[in-house]
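Notes for the one structure printed next.
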Number of protein chains: 2
Amino acid sequence: MRDPEQRFQELMAKLRARAYRLTPQRVALIRLLAYSEGHPDAAELYRRLLDQFPTTSLATVYKTLNLLKEMGEVLEIEINGIGGEGSRFDGNDPAPHPHLICVRCHRIMDGQVSLTEEILQTVQGQSGYRVISHRLDFYGICPECQVQGVN
Amino acid sequence: MRDPEQRFQELMAKLRARAYRLTPQRVALIRLLAYSEGHPDAAELYRRLLDQFPTTSLATVYKTLNLLKEMGEVLEIEINGIGGEGSRFDGNDPAPHPHLICVRCHRIMDGQVSLTEEILQTVQGQSGYRVISHRLDFYGICPECQVQGVN
DNA sequence: TCCTTATAGATAATCTTTTTCCAGAGAGAA
DNA sequence: TTCTCTCTGGAAAAAGATTATCTATAAGGA
């Protein structure tokens, strides 16, 4: 995990560089993303934002998230297939990295492995695709659920 | 790609083994899945099913897809993050395998590489998760879009 | 054939995300 | 500081995919 404050400043700088306005709501959301330990969904971010801006709307959250997604600074983790709920977001580390998703409690952890260059080359060679990005997610049972669970 | 007819028979056998009823609609949908070259979404399957059963409803398609998903016989490929549309489904090969998704035309190809056992072990060791399954998707530009594209 | 029960079909509901519209605020220029 | 231009926030409605509900029907075994 990188330094949250550093990540926050990095995001601020990138917004400034693109001449996006640094509204208080936006700054607060960016701070939330940079400092978030877990992988919050839009509703969670919205809830936390309400503490500071009681009149904020969920649309604002989505607008900023989409902005950051387009800039490649936020990863969207879709877990719709699992619990039926919406996406989670990772604003800590913009580089593609694997996630471990608990199919029971939906906790998400960052994985530390990365795909080998060999795999990337093989895939590009086989398919002819020019690969821009990727996602690697593992589904399983997290340690805590293993302890509780009836399997 | 495996033999579609063989895959179809395999799915039929598995449904029978679990005492699910083999309704004509279900059989037709399973045949569509087993024989589908691409990665259709629910609407596409529904459209094709209408040819044979003009009164079929989309709900029926989803019900059978969910049934097969629970049985682990259909993979759901979520591309919501890309085009905003719904999931695609892969009923040819139930084992996790990578997909190449074109971010321009949304074409999906099967990748042939697989994760090394070493990567799986590393991830499990690092996280403590008991990994059940995974998904590996590559995003990029497909060969055809590379030719056309302004980039 | 009969009986039990899972399933199809129609429709409404749900849920997340996006769109629309406009007032108001951000940021540079004077 | 003030002016001006435009981007952005907020509220509400809309969109779009998926699921739930309810009932008649059909599948499959006895």
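Bear in mind the structure is a predicted one, so any value in this text is a computation, not a measurement. Only heavy atoms go into these numbers, but all of them, side chains included; no hydrogens, no water, no symmetry mates. Just so it is clear: chains get the letters A, B, ... in the order the sequence lines come, proteins before strands, and each one is counted from 1.
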Which comes earlier along DNA chain C counting from the 5' end, the contact point of A/Arg88 or that of B/Thr64, where each point is its nearest nucleotide? B/Thr64

Rounded to 10°, the angle between the first-five-pair and last-five-pair axes of the helix from C/dT1-D/dA30 to C/dA30-D/dT1 is 40°

Verify, without hydrogens or angle tests, whether B/Gln126 (side chain) and A/Gln112 (backbone) share a donor-acceptor contact under 3.5 angstrom. yes

Would you say the side-chain atoms of B/Arg26 pair up with the backbone N or O of B/Thr64, donor to acceptor, closer than 3.5 Å? no

Distance check needed: [N] [atom2] versus [X] [atom1], whole Å only.
| X | N | atom1 | atom2 | result |
| --- | --- | --- | --- | --- |
| B/Leu50 | C/dA10 | CG | P | 10 Å |
| B/Tyr62 | D/dT21 | OH | P | 18 Å |
| B/Gln52 | C/dA8 | CD | P | 14 Å |
| A/Arg16 | C/dG26 | CZ | C1' | 13 Å |
| B/Leu65 | C/dA8 | CG | P | 12 Å |
| A/Leu58 | C/dT18 | CG | C1' | 11 Å |
| A/Leu67 | C/dT17 | CG | P | 17 Å |
| B/Leu15 | D/dA27 | CG | C1' | 13 Å |

Need one value for A/Asn66: base, sugar-phosphate or nothing, where a base atom within 4.0 Å counts as base even if backbone is also close, heavy atoms only. sugar-phosphate

Using the side-chain hydrogen bond (donor to acceptor under 3.5 Å, both in side chains) rule, collect all pairs that involve residues 4-18 of chain B, keeping only residues at least two apart or in two chains. B/Arg2-B/Glu10, B/Glu5-B/Gln9, B/Glu5-B/Tyr35, B/Arg7-B/Glu10, B/Arg7-B/Glu73, B/Lys14-B/Glu73

With sequence neighbours left out, write down each residue that passes side-chain contact (heavy atoms from CB on, under 4.5 Å) with [X], or none if nothing qualifies.
| X | value |
| --- | --- |
| B/Ser114 | none |
| B/Glu70 | none |
| A/Ile132 | B/Val103, B/Ile141 |

Phosphate-side-chain proximity, A/Thr55 and D/dG10, N/O vs OP1/OP2 below 4.0 Å: yes

Set out, line by line, the N/O atom pairs under 3.5 Å between protein and nucleotides 19-21 of chain C.
none

Checking one residue: A/Val123. Which other hydrophobic residues are in its cluster under the side-chain 4.5 Å linking rule? A/Leu100, A/Met109, A/Val113, A/Leu115, A/Ile119, A/Leu120, A/Tyr129, A/Val131, A/Leu136, A/Phe138, B/Leu100, B/Met109, B/Val113, B/Leu115, B/Ile119, B/Leu120, B/Val123, B/Tyr129, B/Val131, B/Leu136, B/Phe138

Considering only residues two or more places apart or on different chains, which pairs with a residue in residues 38-72 of chain B satisfy ring-ring contact (aromatic ring centres under 6.0 Å, His included)? B/His39-B/His99

So do A/Phe89 and A/Leu75 actually touch side chain to side chain, heavy atoms under 4.5 Å? no

Salt bridge (Lys or Arg N to Asp or Glu O under 4.0 Å) against B/Arg135, all qualifying residues, sequence neighbours excluded: B/Glu78, B/Asp137

List in chain and number order the residues that pass side chain to side chain donor-acceptor pair (under 3.5 Å) with B/Glu44, two or more places apart in sequence or in another chain; answer none if no residue qualifies. B/Arg47, B/Arg48

A/Asn66: side chain to side chain donor-acceptor pair (under 3.5 Å) partners, not counting sequence neighbours: A/Lys69

Which residues in residues 17-29 of chain A have at least one heavy atom lying under 4.0 Å from any atom of DNA chain C? A/Arg21, A/Leu22, A/Pro24

Quick one: which of C/dT18, C/dA10, D/dG10 gets closest to the side chain of B/Ser57? C/dA10

